Amino acid sequence: MSDSDRSRSGKAGKMQVELKDRGDSLGLTGEADYITGTAVIPVRVSVPTGASTSNPTVTSVPAETAPAPAQVPAQAPAPAPAQAAAACPDLRPIAPVTPESPAALSTRGLTVTVKHRGVVKTLLDDVGFDVPAQALVAVVGPSGSGKSTLLRALVGSRPADSGEVRYAGRELCAEYSELRHRIGLVPQDDVLHAQLTVKAALRYSAALRFPAGTTVEQRERRIDEVLTDLRLTEFEGNKVATLSGGQRKRVSVALELLTKPSVLFLDEPTSGLDPGMDRDVMRMLRCLTDEGRTVLVVTHSVAELQACDLLLVMAPGGGVAYYGPPREALAFFECETWADVFHAFSCRRDNYDWAAAYRSSAYYLKYCSEAFGEATIPKPRSSTEDLGPGAGPGEAGTTSADGATAASAAAAPAIAPKQTQAQSQPQPRSQPQAQPRSQTQPRAQSQPRAQSQTQRQPRAEQSWGSQLRTLIRRYLAVIAADRGHLMLLATLPMIMGVLSLAIPASSGLAAASNGDTNTDAPTVLLVLAVGACLTGAANAVRELIKERGIYDRERAAGLSRSAYVMSKAIVLGVITATQTIVLSAVCLLPRKLPAHGLLISGTAVPELMLAAVLLGVTSMLLGLVVSAIVRTTEKTMPLLVLITIVEVVFCGSLFPLFHSVGLEQLAWLSPSRWAVAAEAATINLPGIMGPPQGRTTTDPLWQHSIMQWSADIGMLVVLGATCLVLVLRLLRRHESSLLRGC
């Protein structure tokens, strides 16, 4: 026996009295296994019935039979149920998951495959597990193990190709329109408007998500409750942009808790946070669970797993490598640290079936109801348990130097919630009984059956008009909060208008006084068209993509797609129209203009401004199309340049487009073609300029007639409406098949 093995054996011997006390408190009268610190050493404690407990006999496992650190367990045949009970000790009270008492979340056979370059790749492979009510579950695994894919399948944003997901017995795909309101999801990226204050963000979210008929007082009361629960009251007047990473994450959680979801999912909530904030976030989730919520968190961090009730470890290939209590995970993998576990995943990524190894283990028989038809799931722990070094005064339990929790309390607070003496008596494994939750969980109370039936009534959705008004108010508040952006919106059209005055045009847009042709008028119309096009497209080209995460989450929570798009179109349309009017006034009023227009006698300015405004608004809608197509904001700027160039080339002022087969028809798709044509018809450009060089006729779209002007304006309206429909279709393309039907 090596020195290290002798040291471990001696160390185990010193713990024999502590093991006996722990065994008595857990109802283990014969034998128990004990996990020390980070090294896993199975130790058999023989306590004969009726024998003195002062000197128990301890037999340690010989070094030759003990697994080496970081050794991957060999695949073994499935043990019998009796062997499973002996191999997996009861470290805390357990509660059954049965058809009469379904799990808060249950999955069966989830499988997701994708085809890439002709090769089929499995992202999820027959994943199944049960999450009891009021439990905190962590999902960990190496990169590419399917954690994010699993999360998307659970919330319905990317349903699995096969298998089922049930919430309290209700199938997700069949009842998605109702269940989506009871699912809370906090994505990895904060889905917040950074320009708003914390309370303003919660107010707008509550106005969008709460059922119809909810009063302002009820919403305010719920917002105050959430702010108090998450310790955000002192920050309610701060802008989200000024908060720290951990505080912003709490605000994101607050948004989801407004509607009291039955299950709360979080995707990498501690990503980018320091270890202190990591602990704060996990303790916050622990407290939320103790208050009666079911929480599932996907994370890469393994530092605070002890705060969780259950741990789901995903293996390369998308299978389940382990599901059970986090304190027993290292024992299952026969590793000393989580680094060893992830190293084993990396070394045996392709030639080892981790899912099969788990299914042949006692843990699968114990914690997965697929095995027996019902599962013995550990009862959720209390926040008063030890959460590791740095636990506050209210978090009972201290950790000794060797990693074992002190057993000074007979109820073993590091393992189970505090119980009365009667509740602490050992329960037979064949008849597991659910233990009451800790007194620190006042909100976790069962609901009467009548109330449960009432909850299944269809939810009263917010009306389309109500959502539209709320979205418009929020969008205006976001714009108004950014003063730098407001200044840019105000000064940009004036700057472009002043620059347009540098173009020499002695006759302006009127006929030349000496009887010559006015060849400068097309250039003035070109500059006005470019300014209107650039103003509209620049306003909208980033608007949808920068809010893609916010829209996706709110859409899943009940937001109307058309109301969202219309709120953008209305607000941006008003802004663009105002800017275009300012641009047109600065560009046109100092110049000579025709004495009358086609519709209004005495001035042509209103008709010229109307065409410029419609061009700006249509270009804005075209910018929304681009924003709905791209997947990153970096791609919007090159496409903005492309839009501007296309508008310039196809406007008809640079060179003749009429009677050019192919080119003329392609130009019909350009809004600037019709806007310049309407302006040319207003000022009678063919009459003051004459045929272009090399042509004997003028552009038929420039005819000085009300009918032609109306046709040009009508085509601008048609192109704008087409862009609006395209935006709606493109946004629908990003949605899941379940969401498209809502």
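Bear in mind the structure is a predicted one, so any value in this text is a computation, not a measurement. Throughout, residue positions are numbered sequentially from 1 according to the sequence presented.
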Evaluate side-chain contact (heavy atoms from CB on, under 4.5 Å) for His116 paired with Val119, printing each intermediate quantity in order. CA-CA 5 Å; His116 180 64; Val119 178; 5.7 Å; no

Hey, mind stepping through Ser205 and Arg474 against side-chain contact (heavy atoms from CB on, under 4.5 Å) and telling me if it holds? CA-CA 9 Å; Ser205 182; Arg474 184 178 68 178; 5.8 Å; no

The test is side-chain contact (heavy atoms from CB on, under 4.5 Å); show your working for Val302 and Thr337 and say whether it passes. CA-CA 10 Å; Val302 297; Thr337 65; over 6 Å; no

Going through the distances and angles, do Asp309 and Arg286 end up as a side-chain contact (heavy atoms from CB on, under 4.5 Å)? CA-CA 9 Å; Asp309 301 308; Arg286 178 71 261 167; 3.1 Å; yes

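Remark: aromatic rings of Tyr358 and Tyr323 are distant, center separation not under 6.0 Å.
Closest of all the heavy-atom pairs between Leu468 and Ser567 is CD1-N, 3.6 Å. Across Pro132 and Asp130, no two heavy atoms sit closer than the pair CD-O, 3.8 Å. Contact detail for Ala201 and Leu255: the closest heavy-atom pair is O-CD2, 3.9 Å. Here the closest non-hydrogen pair linking Leu264 and Leu185 is CD1-N, 4.3 Å. Looking at every heavy atom in both residues, Leu208 comes nearest to Gln462 through O-CG, 3.8 Å. For the pair Pro142 and Phe345, the tightest heavy-atom approach, listed with the atom from each and the gap, is CD-CD1, 3.6 Å.
If you take NZ on Lys147 and OG1 on Thr149, they are separated by 9.5 Å, rounding to the nearest 0.5 Å. Here the straight-line distance linking atom CD of Glu543 with atom CD1 of Ile545 works out to 11.5 Å at 0.5 Å rounding. Going from atom NZ of Lys260 over to atom CD of Glu225 covers 6.0 Å, rounded to the nearest 0.5 Å. For the atom pair CG (Leu288) and CG (Asp229), the distance works out to 8.0 Å, reported to the nearest 0.5 Å. Rounding to the nearest 0.5 Å places SG of Cys308 at 11.0 Å from CZ of Arg327. Here OG of Ser252 is found 10.5 Å from CG of Leu230. Values are rounded to the nearest 0.5 Å.
Judged by distance alone, with hydrogens and angles left aside, the side-chain atoms of Arg180 form a donor-acceptor pair with the main-chain N or O of Arg555 at under 3.5 Å. In this structure, Glu175 contributes its side chain and Tyr167 its backbone to no donor-acceptor pair below 3.5 Å. Here the side chain of His181 pairs a donor or acceptor atom with the backbone of Ala557 at under 3.5 angstrom. A donor-acceptor distance shorter than 3.5 angstrom exists from the side chain of Trp354 to the backbone of Arg348, with no hydrogens or angles considered. With hydrogens and angles ignored, the 3.5 Å screen pairs a side-chain donor or acceptor of Thr111 with a backbone N or O of Asp126. At distances below 3.5 Å, not a single donor-acceptor pair connects side-chain atoms of Lys249 with backbone N or O atoms of Ser244. Not one N or O on the side chain of Arg219 forms a donor-acceptor pair closer than 3.5 Å with the backbone of Leu202. Remark: the backbone N or O of Gln134 is paired with a side-chain donor or acceptor of Thr294 at under 3.5 angstrom. Side-chain atoms of Ser262 come within 3.5 Å of backbone atoms of Arg182 as a donor-acceptor pair (strictly under, hydrogens ignored). Between the side chain of Asp125 and the backbone N or O of Gly317 there is no donor-acceptor pair closer than 3.5 Å.
Residues Arg279 and Asp274 are not paired through a salt bridge, judged by the lack of any N-O separation under 4.0 Å between the basic side chain and the carboxylate. By the 4.0 Å N-to-carboxylate-O rule, Asp552 lies too far from Arg548 to be salt-bridged with it. We find that Glu735 and Arg732 are not joined by a salt bridge, their nearest charged nitrogen and carboxylate oxygen being 4.0 Å or further apart. Between Glu256 and Arg553 there is a salt bridge, with a side-chain nitrogen of the basic residue lying less than 4.0 Å from a carboxylate oxygen of the acidic one. With respect to Lys568 and Glu547, a salt bridge is recorded, a charged nitrogen being found less than 4.0 Å from a carboxylate O.
Counting heavy atoms from C-beta on, the side chains of Asp224 and Lys199 come closer than 4.5 Å. Residues Thr299 and Asp278 fail the side-chain proximity criterion, which asks for heavy atoms closer than 4.5 Å. Counting only heavy atoms from C-beta outward, the side chains of Ile183 and Leu172 approach each other to under 4.5 Å. No side-chain heavy atom of Arg250 sits under 4.5 Å from any side-chain heavy atom of Leu243. Annotation: side chain of Val139 is not in contact with side chain of Phe129 (no heavy-atom distance under 4.5 Å). Within the 4.5 Å cutoff, side-chain heavy atoms of Phe333 are placed close to those of Val313. Looking only at side-chain heavy atoms (C-beta outward), Val298 and Leu150 stay at 4.5 Å or farther from each other. Contact check for Arg166 versus Arg108: no side-chain heavy atoms found under the 4.5 Å cut-off.
Ser560 and Ser562 are linked by a side-chain donor-acceptor pair at a separation below 3.5 angstrom, with hydrogens and angles left out of the test. Donor-acceptor pairing under 3.5 Å is lacking for the side chains of Thr214 and Gln218.
Counting heavy atoms of neighbouring residues, nucleotides and ligands inside a 6.0 Å radius, atom NZ of Lys546 exceeds 12 of them.
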